[in-house]
Amino acid sequence: MKKLINTPDTVLADALAGFAAAHPELTVDLDNRVIVRGSRPAAPKVAVVSGGGSGHEPLHGGFVGPGMLDAACPGEVFTSPVPDQVLAAARAVDSGAGVLLVVKNYTGDVMNFGLAAELAAEEGIEVRTVLVDDDVAVEDSTWTAGRRGTGATVVVEKAVGALAGRGAGLAEVAALGERVNAASRSFAIALTAATVPAAGKPGFDLPEDEIEVGVGIHGEPGRRREALRPARELVAEVVDTILADHDLAAGDEVIALVNGLGGTPLLELYVVYGEVHARLAERGIRIARNLVGNYVTSLDMAGFSLTLTKADPDLLDLWDAPVTTAALTWS
Amino acid sequence: MKKLINTPDTVLADALAGFAAAHPELTVDLDNRVIVRGSRPAAPKVAVVSGGGSGHEPLHGGFVGPGMLDAACPGEVFTSPVPDQVLAAARAVDSGAGVLLVVKNYTGDVMNFGLAAELAAEEGIEVRTVLVDDDVAVEDSTWTAGRRGTGATVVVEKAVGALAGRGAGLAEVAALGERVNAASRSFAIALTAATVPAAGKPGFDLPEDEIEVGVGIHGEPGRRREALRPARELVAEVVDTILADHDLAAGDEVIALVNGLGGTPLLELYVVYGEVHARLAERGIRIARNLVGNYVTSLDMAGFSLTLTKADPDLLDLWDAPVTTAALTWS
Amino acid sequence: MHDTVDIPLALAWVREIAAAVEQQEGRLTELDSAIGDGDHGSNLRRGFTAVLAALDDLTPASVGAVLTRTGTTLISKVGGASGPLYGSAFRAMGAALPGERADRAEFAAALAAGLAAIRKLGAAEPGDKTVVDAWTPALAAFGQPDATLAAAASAAAEAAAQGVRDTVPLQARKGRASYLGPRSIGHPDPGAASTELLFQALARVTAASGPSGSPG
Amino acid sequence: MHDTVDIPLALAWVREIAAAVEQQEGRLTELDSAIGDGDHGSNLRRGFTAVLAALDDLTPASVGAVLTRTGTTLISKVGGASGPLYGSAFRAMGAALPGERADRAEFAAALAAGLAAIRKLGAAEPGDKTVVDAWTPALAAFGQPDATLAAAASAAAEAAAQGVRDTVPLQARKGRASYLGPRSIGHPDPGAASTELLFQALARVTAASGPSGSPG
Ligand SMILES: Nc1ncnc2c1ncn2[C@@H]1O[C@H](COP(=O)(O)OP(=O)(O)O)[C@@H](O)[C@H]1O
Ligand SMILES: Nc1ncnc2c1ncn2[C@@H]1O[C@H](COP(=O)(O)OP(=O)(O)O)[C@@H](O)[C@H]1O
Ligand SMILES: [Mg+2]
Ligand SMILES: [Mg+2]
Ligand SMILES: [Mg+2]
Ligand SMILES: [Mg+2]
């Protein structure tokens, strides 16, 4: 295993210390492992809190700041945060208007955030939860733990952060989160496996000419193994898989996220974006907004995910609202 | 070779098409391979043009926009652009106040930009060139082609872009570029080799427990091979190597860039940043501004580079000036 | 040989689990790499390391106090799926054992409460390829009438081991492994494997001669 | 066998280089991967592919016109170090050959002008481990008195090959390979190797029987 770390056990503590040093504009509670926006909002507002296992950077800490998250709770690598962290975050950012938890749909995250929500409620903090489950590689059936939360998390967090900033109430912000999640679908392809520091070796072995199709963001193998093919063909498969599950028709607009899984160069992500753009154009679907880069990663995994969120004027307006975070900034 | 591409021959064309589709706010000339800012500046101003081989994304195209570059010329992967591209860029952005070329010090770049500068001058375009050569891994002697231009390019481009935006003349902007370059030093460590698409395999073989120390950004091996060690020790070596060549003293301030080479997760870059911060603090050197992320990459190479630029109030003021580009945005 | 679980034995059990987890971390992580995300071993090691420290600070007034503190610590330190699941199980066992000692039947009831907590939180059925598939047969074996505590624990450990083996042909329906669909078939479940460690540890400490708390 | 270089022979030479580069692309890139950045083969292939297309559009009035167009195209299409270097060399050779044909001495002078252009642009000395180390001995061999054109070209190709071998023990002082310091020792220079291809191609087309332009 080749990693720029001190020891596998201290990866999170060391990275968090580095993040705190690099971002003096944020408040980082190194003991509780909570990243909080630097200044209190001017008026009470719904606080948006997210979190999850580490190894997906810049998610979630990179999205803390005005216009997006009020706090983030990084768990150990690929391990959801513990309830104490989430509770500490909720306490730190609740201004009386309630707290929205944005939770990716994994058994561990659901349980730990769920326990935290109970504890927070006991303390009189009003809490609502939005569950993100956008990964069409997983069938949502009694045969699975439900669809995974992946790239759509960024879109949900951006939208609810903007709406909360405009003073909307907790129920309204939560409803928006659910709506954005429902309008989003993702699918990912891996060219290499991720190596969890504590495991010390790649999660799976992949021959030089094969890829894993339908992977998540935790290094687990995908739904099936295929031969590596040109980007155009891979993208066609990914786009078509998403569209088969989406209610997008010619004339619709989307927000598109071409997301690197951590080990893929931006040059290749732009190749992928070009193909996505062309494939959707053939279907009459217009990309109204896009992100191309590493946003929801899986450590050093090479590969990409595509997220398509059906857009409407309201959502685009929230998307365009100013945001100032470590990983996403515009005005 | 595992890459998200169509064919090695079309990587640049495909990526550029994707970049153009993703960034409608910019003007991309796909035939001449020039990326130009979208709108003309309000008043005539010095135009800043850069470029170089592709494979270093987001450098340079990701830095085109208000506050930074007026145009960028991407060459083939790891191959400097041809003079025609640079000339086309200079023609596109000259508003009569002259053009500053920011060139990384590589034989090919120096020659191709040099030929372009001659051609542009023949057309009556006033041209000045700033050569970036910050990599202390290379001795600047008759035994080498001189120090390589690496991470400092971002700092130079940000600073000259800001000064040009304020209406300074060509000589003044060029002098600033030279001053920022002279105040900058970089050093890089690779954990894995980069794979050039046309070559089809990694530039060098590196055993599972070894690293290349003193690498550039073109996949070439470094000055020597060493055992992989904890991040703290690697950073100590990198910081000390830079300081040995720099005129930084206790009490000084720097702009620090902890830069991923393309295949290293952000989590690890923050571990590295934490160590850099601590090591410099021990020396009494304060990091006034920082960037942590992938800015000057080397395809899929795992590893990092550190750039330290001695800062002064003028430079920090230029650094803080608003910038709106694909890869760097603040206001 | 012990025929009741007293406070020292409860402490010994948890410490024995911690030692087993420490020693088996690599194997648990390897199992989790195959069909999960490769952190089950480090998750439990981190948790039980914290549990050891927490128990050092504790002067327990009941058997349950030991297990409740264990569960609370696991919830606070592990995260992931296994943290809340094992944490809630230990908390439920703790709540079921308010006295200074528990006989075999009382302890069986506590184990049943632990399983119920896991199933309530995780909603897993037997056959879903989870900890439930080791805990369920272990509990059944532990409850056989007329067995001594040590014999019951030993039977439970064996049943848990069989339960782990029985997860191999199953397709996971809960947790991360379910994402793999049919590809989860052919591997043992990591959580079931760690549950086996719990019952093995119980068998060892209850079989040990000498005063409670210093298993031989 | 040819004793002057006429327009068809110049065209044949450049086309023969293009074919050799196409065929040797992988080897050139491999050499460049060892001590450079792994693109020399693809750089030259891209350049000479464009040259072939450019020559198809050209009705050259002189030997030099062929070479000038070759050089201009290389400068426009290659980039990197080799684009301007080879491009300038061909442009300088083109400028030195204004007539419809050139004898051996005139062609030798053109090759010398090519080398001078390379050295002016790149400032490399012999021994710096560059194209100069193949071109310099090739030029010297080509200039031997009393040789036929074909014999001179053949001698030049052999000298270039020796020049390439002689770069192996050198430490690079120019171009990317210089960044490696002593680690550049032990590898042939990729640019010297491509220069050898130029002279091998010249040897083949000048040795060919039949009318100029259709080397056997
Ligand atoms: N819903 C559930 N009910 C019971 N056990 C579960 C459930 N989900 C997961 N598990 C258990 O948790 C184990 C994985 O634990 P761990 O790797 O620590 O957490 P994570 O899956 O969050 O990485 C699985 O092997 C399985 O036995
Ligand atoms: N200053 C120079 N003078 C002469 N030849 C040079 C010089 N610098 C580099 N070269 C030649 O260029 C070759 C590399 O060409 P190429 O790989 O196409 O360009 P780049 O180095 O820009 O990637 C080297 O092997 C060397 O022979
Ligand atoms: Mg996990
Ligand atoms: Mg090159
Ligand atoms: Mg796991
Ligand atoms: Mg090269």
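Residue numbering restarts at 1 for every chain, and letters A, B, ... go by the order of the sequence lines.
- When each of B:Ala278, B:Gly263, B:Ala17 is scored by its heavy-atom pairs under 4.5 Å with chain A, the top score falls to B:Gly263.
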Below 3.5 Å only, please: all the donor-acceptor pairs between chain B and chain A, one per line.
unit_1: B:Met1; atom_1: N; unit_2: A:Glu208; atom_2: OE2; d: 2.6
unit_1: B:Lys2; atom_1: NZ; unit_2: A:Leu191; atom_2: O; d: 2.8
unit_1: B:Lys2; atom_1: NZ; unit_2: A:Pro207; atom_2: O; d: 2.8
unit_1: B:Lys2; atom_1: NZ; unit_2: A:Glu210; atom_2: O; d: 2.7
unit_1: B:Leu4; atom_1: N; unit_2: A:Glu268; atom_2: OE1; d: 2.8
unit_1: B:Ile5; atom_1: O; unit_2: A:Ala231; atom_2: N; d: 2.8
unit_1: B:Asn6; atom_1: OD1; unit_2: A:Ala231; atom_2: N; d: 3.4
unit_1: B:Asn6; atom_1: OD1; unit_2: A:Arg232; atom_2: N; d: 2.8
unit_1: B:Asn6; atom_1: ND2; unit_2: A:Glu275; atom_2: OE2; d: 2.7
unit_1: B:Ala22; atom_1: O; unit_2: A:Asn290; atom_2: ND2; d: 2.8
unit_1: B:His23; atom_1: NE2; unit_2: A:Tyr270; atom_2: OH; d: 2.7
unit_1: B:Leu191; atom_1: O; unit_2: A:Lys2; atom_2: NZ; d: 2.8
unit_1: B:Pro207; atom_1: O; unit_2: A:Lys2; atom_2: NZ; d: 2.8
unit_1: B:Glu208; atom_1: OE2; unit_2: A:Met1; atom_2: N; d: 2.5
unit_1: B:Glu210; atom_1: O; unit_2: A:Lys2; atom_2: NZ; d: 2.7
unit_1: B:Ala231; atom_1: N; unit_2: A:Ile5; atom_2: O; d: 2.8
unit_1: B:Ala231; atom_1: N; unit_2: A:Asn6; atom_2: OD1; d: 3.4
unit_1: B:Arg232; atom_1: N; unit_2: A:Asn6; atom_2: OD1; d: 2.8
unit_1: B:Glu268; atom_1: OE1; unit_2: A:Leu4; atom_2: N; d: 2.8
unit_1: B:Tyr270; atom_1: OH; unit_2: A:His23; atom_2: NE2; d: 2.7
unit_1: B:Glu275; atom_1: OE2; unit_2: A:Asn6; atom_2: ND2; d: 2.7
unit_1: B:Asn290; atom_1: ND2; unit_2: A:Ala22; atom_2: O; d: 2.8

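- Between chain B and the options A:Ala326, A:Pro265, A:Pro322, A:Gly274, the largest number of non-hydrogen pairs under 4.5 Å is found for A:Pro265.
- In this structure, chain B has a heavy atom under 4.5 Å from the side chain of A:Val77, while its backbone stays farther away.
- Among A:Ala327, A:Ala302, A:Pro230, the residue making the largest number of heavy-atom pairs under 4.5 Å with chain B is A:Pro230.
- With a 4.5 angstrom heavy-atom cutoff, B:Leu267 touches chain A via backbone and side-chain atoms both.
- Closest non-hydrogen pair, B:Leu4 versus A:Leu191, comes out as CD2-CD1, 3.7 Å.
- Looking at A:Ala21, the atoms closer than 4.5 Å to chain B (heavy atoms on both sides) sit in the backbone and in the side chain alike.
- Ranking A:Val235, A:Val292, A:Val272, A:Leu299 against chain B, the residue ahead of the rest is A:Leu299, based on heavy-atom pairs under 4.5 Å.
- Of the atoms belonging to B:Leu234, it is side-chain heavy atoms, and not backbone ones, that fall under 4.5 Å from chain A.
- To the nearest 0.5 angstrom, A:Leu228 atom CG is 8.5 Å from B:Ile5 atom CD1.
- Contact of A:Leu206 with chain B is made through backbone and side chain together, with heavy-atom distances under 4.5 Å.
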